[in-house]
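These numbers come from the heavy atoms of this one structure, side chains and all, not from hydrogens, waters or symmetry mates. Letters A, B, ... are given to chains in the order of the sequence lines, protein chains preceding strands, and every chain is numbered from 1. What you see is a predicted model, and the numbers here were worked out from it, not measured in a lab.
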Amino acid sequence: MLDVLISSGAVPGRRPAVVTRQGVSSWREIEALLAEFRQEHALLRRRRVGLCFEANASGLAALAALAALQCDAFLIDHRMPLRQSLELCREIRLGALLTPDGQGGIAVHELAGQQPGNGEASVTILTSGSTGKPKAARHTWRSLSRPVRSGRLGEAPCWLLAYRPDLYAGLQVILQCLLDGGTLAVPGPDGDPSAIAELMLKAGVRFASATPSYWRKLLLFADGSLLGRMNLAQATLGGEVVDQQLLDAMKRAFPEARLAHIFATTELGRCFSVSDGRAGFPAAYLQEPLPDGVELRIENGELLARSPNSMQGYDECSSEPSEAEDWVRTGDLVAVKGDRVHFLGRKTDIINVGGNKVHPIEVERVVRSVPGVSDVRVFAKPSSIAGQLVACEVVPGRGEDDEALQKRIVEACRKQLAPHQWPRIIRSTGKMALSGAQKTLRSAPG
Amino acid sequence: MSEIERQVIEVLHIVLKNRGLQSVTVAPETRLDTSLGLESLDFAEVVVRLEEKTGQDPFADGRVPQVQTVSELAALYEQG
């Protein structure tokens, strides 16, 4: 449990805990804040409490305090406006909401009419449901910590936190870092690639995990001399399909680093990781349970999984039924080719062109390989005649002529793709839109 | 020819060029059938491109106006 870790003295107090552009907080500071919060907010014991969670000293201390007070902690995006957060907390019947008080402490907003808590500490992650109401996936500290492997590194690691701290991937990085007695480097909210690279160098980041879209942004737009000076021991990709082109680019950019990509979901937790430098995963993973007990199978082209790192279930006040299923449909479409299973994309991203299904990722692969294309996003364009057409947005390389580039893209698609897969509208843009979770937006209207 | 006819012809030329059919000349009386070399998805593309230019979609809401020629297609946009 987070609180036990922090107050056990396992991490040397003076070691930096969090490094940002503004400054450094030590583990000792967090330990002191934890003790203060536990005492000050003892009345929260065993209640359902929302936490606007930011990865800084008071945020980590607040989360640990909620663990110590055996609360059901519901993590909320700290960027959400207060009124919206309060509404959300009321909707899922929480007893209180904790927000930063602007002075390094926390403010408690009491709410009426709450559900009784579970009686033991839990962490609930809110993900966007397809109907708009949030899905609240409840984990225990145990289920969250289960995939974390500590003590293997022989060094106190400095990790880049490139994920939202209130979501599963971010929590994994935080826990992994903590268990190894390390330091978190947390970039500012503006997402400027060169500023991120500068922070990584300043803090001495050796371990970094981020989405493919995030890595691509860094590789494309961060100052190349900064990237060249980085001394990464490990670079991990997660949260989106990883294509071979990006893996190869990562290998070139960080030749000394161990490269891995992870498959995990909020509901299933961490499922598996692949570090052989190839996209997809070994078909052998389908044959028998993996070392930590995860099982995989394919049904109608969709990947299903069963995982001991799973959540307990959905919170009874959220939009989904409360029982965690046995075999979970991941929503990810896959295809087996020889000894390899390849990811085709999310079921929900499929574009339906006059009845013909198109996977955006397949089209992106072709467009991305056209010389002069730095980045691409393929999405559905509504069509009164065909239902949907394929459209794409490209980030041209520096100095590229838009018209000539479009011509090359059209030709490449004509040669390599079927007519229903051709992007019918091609637009150039300065930068690619990413979601809050740093993923490429494929269902956003173009 | 009218302005909208000119726009329709311009869009048709772009779509034809993208299909490798750049030598085809399009005029107001050109028939919009398979003799032009366009398939149904190409026509869908034409309509989407024209919507971006004009803000109109005469085929929206399930409408199926009959159009045989370029000028008949253009006429749909003039009504709107």
Side-chain angles (χ1 to χ4, degrees), chain A residues 350-360 362-363 366-367 370 372-373 376-394 401-429 443-446, chain B residues 4 7-24 26 30-70 72-80:
Chain A
I350 291 179
I351 303 174
N352 191 330
V353 181
N356 297 291
K357 295 205 181 115
V358 181
H359 295 291
E362 259 183 80
V363 180
V366 171
V367 178
V370 173
V373 171
V376 59
R377 171 176 85 90
V378 167
F379 53 92
K381 175 95 185 165
S383 159
S384 52
I385 310 257
Q388 289 181 322
L389 290 175
V390 177
C392 75
E393 225 174 38
V394 293
D401 175 67
D402 271 358
E403 212 179 298
L405 181 61
Q406 284 208 18
K407 191 158 172 257
R408 288 203 296 278
I409 293 172
V410 166
E411 266 175 49
C413 292
R414 217 173 60 218
K415 288 201 183 99
Q416 301 176 54
L417 298 170
H420 60 271
Q421 294 175 302
W422 300 342
R424 300 283 172 161
I425 303 287
I426 302 173
R427 270 204 290 270
S428 289
T429 181
S443 48
Chain B
I4 184 66
Q7 284 182 318
V8 171
I9 289 174
E10 191 187 321
V11 164
L12 281 166
H13 274 144
I14 292 172
V15 174
L16 284 165
K17 196 174 83 161
N18 285 345
R19 291 218 56 203
L21 301 168
Q22 45 259 53
S23 54
V24 177
V26 179
T30 304
R31 295 186 70 80
L32 292 166
D33 55 26
T34 50
S35 63
L36 187 54
L38 289 183
E39 315 230 339
S40 65
L41 288 182
D42 301 317
F43 189 70
E45 181 183 339
V46 167
V47 172
V48 160
R49 284 178 180 269
L50 284 171
E51 188 186 358
E52 290 201 336
K53 269 192 195 292
T54 67
Q56 293 178 68
D57 182 358
F59 301 88
D61 309 320
R63 279 173 270 160
V64 202
Q66 291 300 307
V67 286
Q68 315 263 21
T69 65
V70 170
E72 280 172 21
L73 177 59
L76 293 177
Y77 291 87
E78 272 170 75
Q79 287 164 25

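For residues 382-392 of chain A, a heavy-atom distance under 4.5 Å to chain B picks out A:Pro382, A:Ser383, A:Ser384, A:Ile385, A:Ala386, A:Leu389, given by residue number. For residues 10-18 of chain B, the interface with chain A (any heavy-atom pair closer than 4.5 Å) comprises B:Lys17, B:Asn18, sorted by residue number.
Put simply, NZ on A:Lys381 and CD on B:Glu52 are 4.0 Å apart, with the number rounded to the nearest 0.5 Å.
Listed by first and then second residue, the side-chain hydrogen bond (donor to acceptor under 3.5 Å, both in side chains) pairs that reach into residues 39-48 of chain B are A:Arg424-B:Asp42, A:Arg424-B:Glu45, B:Arg19-B:Asp42, B:Glu45-B:Arg49, sequence neighbours excluded. Sorted by first and then second residue, the salt bridge (charged side-chain N to carboxylate O under 4.0 Å, His left out) pairs involving residues 404-423 of chain A (not counting sequence neighbours) are A:Glu400-A:Arg408.
Counting heavy-atom pairs closer than 4.5 Å to chain A, the top residue among B:Ala44, B:Gly20, B:Ala60 is B:Ala44.
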